[in-house]
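Before any comments, here is the structure.
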Amino acid sequence: MGTACEQGEIFQRILRGESDGDLRSSMKFYDFIELQPVDNNKFMLCASEDKYAAVSCREDLKNFNRRLYELAVKSGKPVVGTSDAHFLDPEDARFRAVLQAGQKFVDANDQPPIYLRTTDEMIMEFDYLGEDRAIQIAVENPRLLASSCENVRPVPDEFCPPSVENAREIFENTIATRAHQLYGEKLPDLVAERLKKEQQAILGNHFESLYVISARLVEKSLGDDYLVGSRGSVGSSFAAYLMGITEVNPLPPHYRCEQCDYVEFPGDSGNIVGIDLEQKDCPDCGSSLEQDGFDIPFEVFCGFDGTKIPDIDLNFSGEYQQEIFHYLKNFFGEGNIFRAGTITTISDRTAAGFANKYIEEYSNTSSWAEKERLKSGIEGVKQNTSQHPGGMIVVPENRSIYQFTPINYPANDRDSSFLTTHFDYHSMEDQLVKLDILGHENPTQLRHLKQLTGIDPVTIPLDDPQTLQIFTDLSSLNLTEEELGMKVGVLGVPEFGTIFVRDLVTEAAPTSFADLVRISGLSHGENVWNNNARDLIKQGRADLTSVITCRDDIMNYLIKNGLPENIAFQIMEDVRKGKGLKPEYIQKMQACRVPAWYIKSCDKIKYLFPKAHAAAYVLMAFRIAYFKVHHPTAFYASYLSLKADHLSAAYICSLSAIEERMEQLQGIIEQKRREGKTEKRDEKEYGIMEVLREGYLRGISVRPPRVSKSGPFRFRVESEQLIRAPYVTIEGLGNTVAEGIEKAFKEKRFTSIEDLQNRTQVNSTVTETADGLGFFEALPPTENRQLF
DNA sequence: CAGTGGCACGGGCTATC
DNA sequence: ATAACGATAGCCCGTGCCACTG
Ligand SMILES: Nc1nc2c(ncn2[C@H]2C[C@H](O)[C@@H](COP(=O)(O)OP(=O)(O)OP(=O)(O)O)O2)c(=O)[nH]1
Ligand SMILES: [Mg+2]
Ligand SMILES: [Zn+2]
């Protein structure tokens, strides 16, 4: 425990003029006394505060240090020279100034010289105490201090998995029972071998508890009638499939009989997934066979040698995420579950803003290079802490969170029901396990669709031809390309509806479920489709089945070409993280006659899905698409009530309002893009409007609920002819001023739209439409909002 | 009725899966 | 390098409004 700088207790006492005796007794608490260079305290000479009034020259500052030294010696405490370093080199003071200017400090340019002194510099700083003492302070005592510290390892380095009672038994029993349920009394060799391999790896790496608790979470959610979406690489695990953690079956495409034990792996069905197999009846009992299997290697999840520590990802309904958090906390206990924290840094835009501001206020340079220098100098500086989207860290019973990280309330909110780790989870990922409990809207939407139609999403036929057709043309939607302005009917289908994916779908022309999985892979990550697969297909060098569409493609292909398994795996991992290919890997690939285009393709990819994730997402997308084709009203209703909770009634009733809004949004989006803004709310709203518009074109009657007011509109005319329409609560619509203003407009209380705009003080842009008014701005969202 | 503290909302930026 | 990965969410700040206070 050292005495710190002039803000520390001891120095403050000196400034207050305390006696030697008092100072010495205060010093007892500390292990060593710090002396800092006098220039560190130079600011006192011209500071206006009272406590510095008596400090008038450098000699005064030296005298402070002389006195500290004497008292320390008398108290038997070692004196250590410290520089109070806030930056490394003197010239780095500029970066600190930029940071402070950005945070509205005044006089940011007045920086004390708090850089790291070299030994020689440090000796010089204390020469007024005499050379021997200076050396003692700068060299000998710091060494003494360092040597008195034992060798400590602040954080354990071994893997500390949580333990769930009987986890091994539960794990083994569950997968065995379920395997026999699905694949019969005697498991086919392929199934048995896969299970054995996974079981060994999972138990060997102490992962069974994570499987068991994940299964429990899914069970809990399903029990509360909230379906769970699969996600992540865990769909590569057959054991996970058997435990209900994922609905992705990683076995090769196969048939299986629900009524008897018949199982068939047709083999060599390379380009398709189980869903695409031709339908057929059980040769043993005649009932219609089930088809499944996406053909995914377990190693994508776990690696070959057990060094990869995977996580388990789950998509819960956003509405239900908190519920699961609490369930997890109750399961492991308050002190064992923490939400992972994240650390916000000063990044591109903020750094640029700070640099600009600094230059504007403190410097007159117009040099682009200097601006970039200042910007890059502050990039990456920690700014704030925040909450991880869904990462929950599990601390085993025999450990304490403090062995790994401090913890804190998110955003200093003491009412928060969760604490977050102060360090991000990467600092403890090799020690503790993390469950990724993400919130997503798909499960919520499917839940609504189930409620609206009575159809259970899991029963939806995944080979429904009309649903598959929307990825080709608009025939299933009874629309024309002219009407809709696009060739395919994927608007509103999750992760398929954006212009980029629409064009991709159009170009790639999928004809099977397997193709959809490929497209899902191709449409996520930079340089997977554009500048890559797309060109290769155009040039005829490859086709949809041979380009790289997901991580697994790479690993499988390289192993097939004769690369060692672990190298193939490592290359896959580097590629999926966008690291490009190391020269040694390129050599190895060339040695195995991997074609140049393939190597280049790997090298360009910036991010790549695992097939398991693509499959999981296509399953969800396909079901939502099924509703879109066969139950359109329910589809648009569920979509809009989830996504468009900001639309006012008048807006929803008018096609012209929608189209005008779309036009307006395009302008805003374009401008933001030009300015390099990162905010995407307008783009999101545009996407919603596209779906809304499509609903109209399909003749769907999308109407707001009949508004039953919870009270009369408060609507009054102020003396200065300013109409105020305070928020009123309308059941089902939440708080809105829209209705009241529209009513006033219809009563001709405004002379024009401009008049309305001027006198209502509504922030929205208002336009007149055929059937009312359009309000183009977000209104307060409400809970439990039902539009239909 | 001026002053003020607090809240809601929109917008900007960042993190993460 | 060519426009394009999609989705979800948290935190902070400025602004405007409102209720409360004295
Ligand atoms: N579109 C998109 N999806 C992502 C991105 N990062 C992650 N995801 C999705 C796909 C992942 O499979 C899923 C889970 O993310 P994880 O970080 O857990 O990685 P993943 O499970 O794929 O691999 P892992 O075995 O956990 O290392 O979330 C991304 O940058 N873009
Ligand atoms: Mg994962
Ligand atoms: Zn049968």
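Proteins get letters first, then strands, A, B, ... in listed order; numbering begins at 1 in each. All heavy atoms count here, side chains included; hydrogens, waters and symmetry mates do not.
- Every side-chain hydrogen bond (donor to acceptor under 3.5 Å, both in side chains) that S237(A) has, sequence neighbours left out, goes to E198(A), Y211(A).
- Residues D424(A) and R349(A) each lie close to DNA chain B; by heavy-atom proximity, the contact nearer the 5' end of the strand is made by R349(A).
- The aromatic ring centroids of F423(A) and F404(A) lie 6.0 Å or more from each other.
- Using a 4.0 Å heavy-atom cutoff across all strands shown, L438(A) reaches sugar-phosphate atoms only and no base atom.
- Judged by distance alone, with hydrogens and angles left aside, R681(A) brings a side-chain donor or acceptor within reach of the base of dG11(B), the pair sitting under 3.5 Å.
- When atom types are taken as modelled, the side chain of K611(A) and the backbone of R551(A) share no donor-acceptor pair closer than 3.5 angstrom.
- Distance from the side chain of T344(A) is smallest for dA15(B) among the nucleotides dA15(B), dC5(C), dG12(B).
- Side-chain contact annotation: S638(A) with Q445(A), donor-acceptor N/O pair under 3.5 Å present.
- Between dA7(C) and H440(A), no contact under 4.0 Å exists linking OP1 or OP2 to a side-chain N or O.
- A donor-acceptor pair under 3.5 Å is absent between the side-chain atoms of R518(A) and the main chain of P510(A), judged by distance alone.
- Between N531(A) atom CG and dA4(C) atom P the separation is 8 Å, expressed in whole Å.
- The gap from the P atom of dT8(C) to that of dA4(C) amounts to 22 Å, rounded to the nearest Å.
- The side chain of K672(A) has dG12(B) as its nearest neighbour among dA4(C), dG12(B), dC5(C).
- The residue Q383(A) sits apart from the nucleic acid: no heavy atom pair falls under 4.0 Å.
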Tabulate atom names and distances for all N/O pairs under 3.5 angstrom spanning the protein and nucleotides 13-15 of chain C.
from: dG14(C); atom 1: OP1; to: K104(A); atom 2: NZ; distance (Å): 2.4

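- Distance CD1 (I688(A)) to P (dT8(C)): 10 Å, rounded to an integer number of Å.
- Applying the 4.0 Å criterion to OP1 and OP2 of dT14(B), one finds that N384(A) has every side-chain N and O outside that range.
- Rounded to a whole Å, the NZ atom of K684(A) is 14 Å from the C1' atom of dG10(B).
- The aromatic rings of F622(A) and F513(A) are tilted relative to each other, their planes meeting at an angle between 30° and 60°.
- Remark: Y617(A) is not in phosphate contact with dC17(B), judged by side-chain N or O atoms under 4.0 Å from OP1 or OP2.
- Residue contacts shown for T498(A) are limited to sugar-phosphate atoms, with no base heavy atom under 4.0 Å away.
- Listed pair K643(A) / dT8(C) meets the phosphate criterion, a side-chain N or O lying under 4.0 Å from OP1 or OP2.
- Between T350(A) and dT14(B) there is a side-chain polar atom (N or O) within less than 4.0 angstrom of OP1 or OP2.
- Residues K434(A) and G391(A) come closest through the heavy atom pair CE-CA, 4.0 Å.
- Look at CD on E379(A): it is 9 Å from P on dT14(B), rounded to the nearest Å.
- Look at K680(A) and you won't find any side-chain N or O under 4.0 angstrom from OP1 or OP2 of dG11(B).
- Comparing G439(A) and S523(A) by the nucleotide of DNA chain C whose heavy atom lies nearest to each, the residue mapping closer to the 5' end is S523(A).
- Here K604(A) lies out of heavy-atom contact (under 4.0 Å) with every strand.
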side-chain hydrogen bond (donor to acceptor under 3.5 Å, both in side chains) for Y617(A) and N315(A)? Distances and angles first, verdict last. CA-CA 10 Å; Y617(A) 265 43; N315(A) 272 354; 3.0 Å; yes

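- Ion pair R349(A)/E679(A) not flagged as a salt bridge, since none of the NZ, NE, NH1 or NH2 atoms sits closer than 4.0 Å to an Asp/Glu carboxylate oxygen.
- Side-chain nitrogen and oxygen atoms of Q387(A) include at least one within less than 4.0 Å of the OP1 or OP2 phosphate oxygen of dC11(C).
- When the nucleotides dG12(B), dT14(B), dA4(C) are ranked by their closest atom to the side chain of T345(A), dT14(B) comes out on top.
- Among the heavy atoms of the strands, none lies under 4.0 Å from D311(A).
- Not one side-chain nitrogen or oxygen of S347(A) sits closer than 4.0 Å to the OP1 or OP2 atom of dC13(B).
- Here dG10(B) presents its P atom at 10 Å from CD of E685(A), a figure rounded to the nearest Å.
- Rounded to an integer number of Å, the gap from CG of D682(A) to P of dG11(B) is 7 Å.
- The nucleotide whose nearest atom lies closest to any side-chain atom of S386(A) is, among dG10(C), dT14(B), dC5(C), dG10(C).
- With dC5(C), dA7(C), dG12(B) as the candidates, the nucleotide lying closest to the side chain of E495(A) is dA7(C).
- Counting any heavy atom pair closer than 4.0 Å across all strands shown, H613(A) reaches no nucleic acid atom.
- Within the 4.0 angstrom heavy-atom criterion, only backbone atoms of the sugar-phosphate kind lie near Y425(A); the bases stay farther away.
- Residue whose closest nucleotide on DNA chain B sits further toward the 5' end, between R231(A) and D348(A): D348(A).
- I343(A) comes within 4.0 angstrom of sugar-phosphate atoms only, judged by non-hydrogen atoms across all strands, and of no base.
- Looking at heavy-atom distances under 4.0 Å, G525(A) makes contact with a base.
- Rounded to whole Å, atom P of dC5(C) lies 10 Å from atom NE2 of H524(A).
- Distance alone, capped at 3.5 Å, places no donor-acceptor pair between the D313(A) side chain and the D436(A) backbone.
- For the OP1/OP2 pair of dT14(B) and a distance below 4.0 Å, the side-chain nitrogens and oxygens of T342(A) include no atom meeting the criterion.
- Regarding I519(A), its CD1 atom lies at a distance of 17 Å from the P atom of dC5(C), rounded to whole Å.
- Counting only N and O atoms by type, the side chains of R674(A) and Q671(A) include no donor and acceptor under 3.5 Å apart.
- One finds a side-chain N or O of H388(A) lying less than 4.0 angstrom from the OP1 or OP2 phosphate oxygen of dC17(B).
- Among the atoms of the strands shown, base atoms are found under 4.0 Å from some heavy atom of N530(A).
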